[in-house]
Protein chains: 2
Amino acid sequence: MVNSTRKEREYLYREQRILEIARPVIVHEGYHALNMNRIAEQLEYSKGTVYNHFPCKEEIILALAIQTLEQRTEMFQRAARFSGRSRERMQAIGVACELFARMFPEHFVVEQLVRIPSIWEKTSSTRQQQLYRGETCCLTLVSGIVHEAVGARDMTLPTGLTPEELVFGLWSMTFGAYSMLATNSNLPAMGIANGYDAVRSHLRHMLDGYGWRPLDHEHDYDVVVQKVMSEIFHEEASQIFQPG
Amino acid sequence: MVNSTRKEREYLYREQRILEIARPVIVHEGYHALNMNRIAEQLEYSKGTVYNHFPCKEEIILALAIQTLEQRTEMFQRAARFSGRSRERMQAIGVACELFARMFPEHFVVEQLVRIPSIWEKTSSTRQQQLYRGETCCLTLVSGIVHEAVGARDMTLPTGLTPEELVFGLWSMTFGAYSMLATNSNLPAMGIANGYDAVRSHLRHMLDGYGWRPLDHEHDYDVVVQKVMSEIFHEEASQIFQPG
DNA sequence: TGACAAATTTGGCGCTTGGTCAATAATTGA
DNA sequence: TCAATTATTGACCAAGCGCCAAATTTGTCA
């Protein structure tokens with residue numbers, strides 16, 4: 001994995017720097033503020049060199065989305081290592097999901113951006129596949145837990161619903177909620193005060209609705225959350241819940 | 001409400017035409033293909049005249065989002081008139097929601113677009129408020145049914161969760177799912193074959209999870225769906241389910 | 001009706017920016 | 001040392017947003 005030649009290392013380093021330069025721009029100043037001249041200037045190379053790394057602006061945005069998605073994947077993998085009954089393990093994923101969303105709320109803005117057809121179309125199929133792989137990896141990890149639950153008879157899926165489709169529901173809810181929290185400033189005015197808490201409640205009740213044992217009232221999942229936070233995500237949790 | 005002078009009528013008519021021209025462009029060719037020169041050309045007026053109607057491109061996109069949101073509001077209002085027990089009425093909203101998503105899958109693309117901060121920022125606060133009003137209207141309609149359910153003791157909300165926050169969950173799920181269905185071509189490869197059916201299942205189970213009586217197994221909601229489709233959305237349903 | 005004022009429309013222009021490419025510089029290795 | 005290869009450069013082009021002074025149309029009143 002170590003890239004041998006100095007050239008190659010320098011090249012990869014510069015690629016990282018481009019992304020480091022682009023991220024705060026797109027996060028704090030938006031899509032329109034991100035332009036190639038500016039990146040080149042901050043990079044202290046010419047525009048042509050930037051174009052050697054990324055064939056277009058859109059590709060940079062996709063690369064940024066892939067970067068945070070990898071963080072997410074890594075957090076999901078750590079969460080999946082939590083041992084316990086199937087639903088406890090699912091709870092661990094829930095914790096990972098919320099911590100990720102709180103750590104990188106901008107991820108959902110970038111992801112929304114990258115999905116815009118006219119942006120998506122301009123990106124290379126190689127990088128598209130990379131994003132898809134990350135998504136598939138997260139989804140597979142979670143659907144694995146669902147399979148496990150079904151196998152252990154902790155839950156019976158309704159006929160016709162696959163584990164992947166169940167995960168699609170959890171994914172939709174979190175994606176939708178965190179995207180809106182990141183971009184819809186009207187939520188508080190509509191009486192949605194604490195979106196994160198609401199999502200947590202919805203996930204629990206949805207799993208209850210599918211009859212995933214032990215149900216919420218049969219088990220203290222707050223304890224599980226605490227355990228996951230201290231054992232797996234101590235760093236992240238303290239970063240989020242003791243800001244300063 | 002009728003606009004008296006011929007001038008005013010012509011002006012409003014032209015505004016509609018601009019949107020009619022813009023919609024298929026943005027839906028089928030995407031954001032980048034939509035440009036003011038082209039609109040002006042198709043409109044057979046000059047660019048300056050288009051700018052008399054809309055101060056910028058982004059404003060047109062927001063106007064398109066508001067247009068379909070109004071359709072959605074109208075469908076929600078019709079659904080809300082369905083009479084029956086609270087959960088049956090909520091089911092009617094679910095039908096409206098799905099029919100809307102199937103009729104206007106592009107709406108979610110436009111909405112995603114409009115939420116991009118660098119696009120949102122360029123729009124006028126007047127139109128932003130208009131979108132917010134539409135959203136608030138839908139949300140209030142639905143949360144009204146939740147209030148009703150709580151009042152009729154069909155459901156007890158967990159402490160700390162408001163009816164609006166419950167609706168936020170339903171909204172997140174549908175928004176997330178329908179957005180992904182419209183933009184993520186990788187879903188089938190991940191085993192998500194029928195997203196619409198999955199969403200329907202998730203909503204039912206989530207409401208079950210919150211204990212909203214009568215629960216899914218206590219009542220035949222398929223009959224309710226059929227009734228809503230034939231009594232309220234006959235036109236729309238036949239358009240969707242008998243394509244030809 | 002015709003002259004003048006107001007309102008509307010026009011389209012050329014400035015400017016920004018994405019992306020290209022021939023020229024130039026740096027590196028390599030024989 | 002020097003030719004070949006590779007990397008970098010930045011002037012340049014085209015596209016498109018938005019502006020605005022000029023032109024045109026519409027409206028008004030003597």
Side-chain angles (χ1 to χ4, degrees), chain A residues 3-19 21-22 25-26 29-64 113-114 116-124 126-127, chain B residues 3-19 21-22 25-26 29-64 113-114 116-124 126-127:
Chain A
N3 284 90
S4 43
T5 80
R6 195 200 70 209
K7 278 260 152 190
E8 280 171 333
R9 267 178 288 127
E10 279 178 1
Y11 186 88
L12 284 179
Y13 172 68
R14 196 169 53 194
E15 191 143 312
Q16 286 312 306
R17 279 206 50 226
I18 293 175
L19 296 179
I21 290 166
V25 177
I26 207 153
E29 301 173 62
Y31 176 69
H32 283 125
L34 183 74
N35 71 67
M36 298 306 250
N37 287 314
R38 189 173 162 179
I39 292 176
E41 209 173 298
Q42 284 196 46
L43 185 67
E44 290 177 289
Y45 277 89
S46 77
K47 206 165 36 156
T49 299
V50 179
Y51 274 96
N52 269 355
H53 288 266
F54 298 95
C56 63
K57 186 181 163 177
E58 285 73 18
E59 195 86 8
I60 297 183
I61 300 172
L62 179 53
L64 290 172
L113 199 52
V114 113
I116 300 301
S118 69
I119 292 182
W120 183 255
E121 279 161 14
K122 299 185 88 184
T123 60
S124 69
T126 322
R127 268 213 175 73
Chain B
N3 286 90
S4 42
T5 80
R6 196 200 66 207
K7 277 263 153 192
E8 278 171 332
R9 267 178 289 127
E10 278 177 2
Y11 186 88
L12 284 180
Y13 172 69
R14 197 168 52 196
E15 191 144 311
Q16 285 312 305
R17 279 206 50 225
I18 292 175
L19 296 180
I21 290 166
V25 176
I26 206 152
E29 302 172 63
Y31 175 70
H32 284 124
L34 185 74
N35 69 68
M36 297 306 250
N37 285 312
R38 191 174 161 178
I39 292 176
E41 211 172 297
Q42 284 197 45
L43 185 68
E44 291 177 289
Y45 277 87
S46 78
K47 212 169 26 162
T49 301
V50 180
Y51 274 96
N52 269 356
H53 288 266
F54 298 96
C56 64
K57 186 181 163 176
E58 285 72 18
E59 195 86 8
I60 295 183
I61 300 171
L62 180 52
L64 289 173
L113 198 53
V114 113
I116 300 299
S118 69
I119 292 182
W120 184 255
E121 279 161 14
K122 300 185 85 183
T123 60
S124 68
T126 322
R127 269 215 176 71

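In what follows, chains are A, B, ... by sequence order, proteins preceding strands, each numbered from 1.
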Using every non-hydrogen atom in the two residues, find where [X] and [Y] come nearest and quote the distance to one decimal.
| X | Y | answer |
| --- | --- | --- |
| B:Leu19 | B:Ala63 | CD2-CB, 3.8 Å |
| B:Ile39 | B:Ile18 | CG2-CG2, 4.0 Å |
| B:Thr123 | B:Glu58 | CG2-O, 3.7 Å |

Taking atom [atom2] of [N] as reference, at what distance in whole Å does atom [atom1] of [X] sit?
| X | N | atom1 | atom2 | answer |
| --- | --- | --- | --- | --- |
| A:Glu44 | D:dT8 | CD | C1' | 15 Å |
| B:Tyr51 | D:dG16 | OH | P | 12 Å |
| B:His32 | C:dT17 | NE2 | P | 14 Å |
| B:Arg38 | D:dA15 | CZ | P | 14 Å |
| B:Leu43 | C:dT10 | CG | P | 9 Å |
| A:Leu34 | C:dG18 | CG | P | 8 Å |
| B:Lys57 | D:dG18 | NZ | P | 8 Å |
| A:Glu10 | D:dT6 | CD | C1' | 14 Å |

With side-chain contact (heavy atoms from CB on, under 4.5 Å) as the criterion, how do B:Ile61 and B:Tyr31 come out once you've worked through the C-alpha distance, each side chain's angles and the decisive distance to 0.1 Å?
CA-CA 9 Å; B:Ile61 300 171; B:Tyr31 175 70; 3.5 Å; yes
Assign A:Arg14 to base, sugar-phosphate, or nothing according to its heavy-atom contacts below 4.0 angstrom with the strands shown.
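Result for A:Arg14 = sugar-phosphate.
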Select base, sugar-phosphate, or nothing to describe what B:Ile39 touches, counting heavy atoms under 4.0 Å on all strands.
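Touches nothing.
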Side chain of [X] only, please: which of [options] is the nearest?
| X | options | value |
| --- | --- | --- |
| B:Ser46 | D:dA11, D:dT8, C:dT10 | C:dT10 |
| B:Lys47 | C:dT9, D:dG16, C:dG12 | C:dG12 |
| B:Thr49 | C:dG11, D:dT8, C:dT9 | C:dT9 |

So, OP1 or OP2 of [N]: does either fall under 4.0 Å of a side-chain N or O from [X]?
| X | N | value |
| --- | --- | --- |
| A:Asn37 | C:dT17 | no |
| A:Lys122 | C:dG18 | no |
| B:Tyr45 | C:dT9 | no |

In terms of relative ring orientation, are B:His53 and B:Tyr11 parallel, tilted or perpendicular, with 30° and 60° separating the classes?
parallel
